[in-house]
Amino acid sequence: MYLVPNALSQRLESQYPFWQAPLPFDLIDAEMSGKISAHGAHGIIRIAAHDNRDSLTARINAYRKHHSAPSFCFAHLLPQRPQGDNPDSFAAEILQRRLFTEPLTAQRGDHFLDLLDIAMTAKPRAIGFAQGLPDRETLALIREQNIFTFAIVGNLLEAISADDYGVDALILQGMEAGGERSYFSNDLPRVEQSALSLLQQVRKYSDKPLVLWGDFTDGADIVAAIISGAQAVMLDRPFLACAENGLDPETRERVIHASEYDSEISSQYTLRPLRCLRHGFSKENEELLRGDEALFAAAFDIKPEERPLPVALSAIEDPQNLTHYLNHQAQHIRQLIA
């Protein structure tokens, strides 16, 4: 039984209108994404430019411990950079010294099309894109396999472009959302706007299902988004803080209770700026290390406690575990829409 029956929930067979945000550095790993899907929400495996075929296959297998049909979101800059860059050995030495790790070995990722082939072979529920779109022919090939497609967009023109390219759903990311800033590679000015403001604009021009990625602290926020025209919402903090995700107690408390005053948008860690909680990484040599996600990923594999925490602006109630969080939100939503 669907909590909010609509075309999107029925197409993806999701009991809850909750999508898990694709966060970097395995903060929500593939097994946790599988658990999220098994509990009736929509778990997503993020595929980075430094990923390779073997690592992606291993993550698919981890997801399938709990749910048979994975969903993927590519974080490649498309169409300009379909493959990861070669790691800089000098930058690796600097990061190694800064984080007091063993020598870092970061490899160049496999080509986007090779990773896409692995993803399509997994018979996924959905394939999406966080940083632009591939060419029309590639999108058509995905859709010919009856795979649901989505794109994360940050403004109206990107939404119209993605709609024109034929993606099945649009994820609207507001300035208050956690994660990387999702935008296409072009010369248009970057206009920061709230998720609800973006929803108001896009719903006039597109009849595609809309998923809102903003700042959701409880069921009332989710109901407001759905009443305003969204068919689902994308969540970062709640799923990141669930007990099954395995954060250490101190980090988990910070994810739950940190306020907007602890939030920043940093260009340090990924190819696009990342909204995260303030992080202790030194500004020294930041230009050399800026955006080298492969190196940071290698370092954080060794020292996961050093990872930045990409979350939306506002503090939340303790979600406890997945079952408690989903049941609690469902009860609150049913009361509000009764």
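Predicted model only: the values in this text are computed from it and were never measured.
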Salt bridge (Lys or Arg N to Asp or Glu O under 4.0 Å) evaluation trace for Arg59 with Asp51: CA-CA 10 Å; Arg59 293 163 75 196; Asp51 281 323; 2.9 Å; yes
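Ion pair Glu31/Lys65 flagged as a salt bridge, since at least one NZ, NE, NH1 or NH2 atom sits closer than 4.0 Å to an Asp/Glu carboxylate oxygen. Using a cutoff of 4.0 Å between basic side-chain nitrogens and carboxylate oxygens, Asp164 and Arg136 are scored as salt-bridged. Classification of Asp207 and Arg203 as a salt-bridged pair fails, no side-chain N sitting under 4.0 Å from a carboxylate O. Asp318 has a carboxylate O that lies under 4.0 Å from a charged side-chain N of Arg252, or vice versa, which qualifies the two as a salt bridge. Using a cut-off of 4.0 Å between Lys/Arg side-chain N and Asp/Glu carboxylate O, Glu180 and Arg46 are scored as salt-bridged. Taking a cutoff of 4.0 Å between a charged side-chain nitrogen and a carboxylate oxygen, Asp215 and Arg237 do not qualify as a salt bridge.
Looking at Val255 and Ile316, their side chains never come closer than 4.5 Å, going by heavy atoms from C-beta outward. Between Ile45 and Cys73, every side-chain heavy-atom pair lies at or beyond the 4.5 Å cut-off. Using a 4.5 Å cut-off on side-chain heavy atoms (C-beta onward), Pro273 and Ser267 make contact. In this structure, Pro24 and Glu293 have side chains that are in contact, with non-hydrogen atoms separated by less than 4.5 Å. Side chains of Met32 and Leu322 form a contact here, defined as non-hydrogen atoms less than 4.5 Å apart. Two residues are said to be in side-chain contact when any heavy atoms from C-beta on lie closer than 4.5 Å; Val211 and Gln231 fail this criterion. Using a 4.5 Å cut-off on side-chain heavy atoms (C-beta onward), Thr101 and Leu95 make no contact. With contacts defined as side-chain heavy-atom distances shorter than 4.5 Å, the pair Ile222/Phe18 qualifies.
Leu240 and Leu313 are members of different hydrophobic clusters when ILVMFWY side chains are connected at heavy-atom separations under 4.5 Å. Hydrophobic clustering of Ile, Leu, Val, Met, Phe, Trp and Tyr side chains at less than 4.5 Å, counting indirect connections, unites Leu78 with Met120.
Remark: aromatic rings of His42 and Tyr16 are distant, center separation not under 6.0 Å.
Within a 6.0 Å radius of OH in Tyr205, no more than 12 heavy atoms belonging to other residues, nucleotides or ligands are found. In the displayed structure, Glu192 atom CD is contacted under 6.0 Å by more than 12 heavy atoms of other residues, nucleotides or ligands. Summarising the local packing, NZ of Lys303 is surrounded by more than 12 heavy atoms from other residues, nucleotides or ligands at distances under 6.0 Å. Heavy atoms from other residues, nucleotides or ligands lying under 6.0 Å from CD of Gln320 number more than 12. Counting heavy-atom neighbours within 6.0 Å of Glu250 CD, excluding the residue itself, gives a total of 12 or less.
Nearest heavy-atom pair, Gly219 versus His332, reported as atom, atom and distance to 0.1 Å: N-ND1, 3.5 Å. Taking each heavy atom of His76 and Gln83 in turn, the nearest pair found is CD2-N, 4.3 Å. Between Tyr63 and Pro70, the shortest heavy-atom contact is CE2-CA, 3.3 Å. The shortest heavy-atom contact between Asp236 and Ala312 is OD1-N, 2.8 Å. Here the closest non-hydrogen pair linking Ser185 and Arg272 is OG-NH2, 2.9 Å. The shortest non-hydrogen separation linking Gln20 to Ile44 is OE1-N, 2.8 Å.
Distance check, rounded to the nearest 0.5 Å: OG of Ser14 to CG of Leu3 gives 11.5 Å. Atom OG of Ser182 sits about 13.0 Å away from atom CZ of Phe129, to the nearest 0.5 Å. Rounded to the nearest 0.5 angstrom, Asn321 CG and Asn245 CG are separated by 12.5 Å. Atom NE2 of His328 and atom CG of Leu326 lie 11.5 Å apart (nearest 0.5 Å). Here CG of Leu172 is found 9.5 Å from CD of Gln193. Values are rounded to the nearest 0.5 Å. Of the inter-residue distances, the one linking Leu277 atom CG with Arg307 atom CZ reads 13.0 Å to the nearest 0.5 angstrom.
There is no side-chain donor-acceptor pair under 3.5 Å between Tyr325 and His39. Under 3.5 Å, the side chains of Asp135 and Thr138 contain a donor-acceptor pair of N or O atoms.
For the salt bridge (charged side-chain N to carboxylate O under 4.0 Å, His left out) with Asp168, the lone residue among Lys208, Arg143, Arg11 that qualifies is Arg143.
Using cut-offs of 30° and 60° for the angle between ring planes, the Phe25 and Tyr269 rings count as perpendicular.
Side-chain atoms of Thr270 never come within 3.5 Å of backbone atoms of Gly291 as a donor-acceptor pair (strictly under, hydrogens ignored).
Among residues at least two apart or in separate chains, ring pair (Phe, Tyr, Trp, His ring centres under 6.0 Å) pairs with a member in residues 144-184 are Trp19-Phe150.
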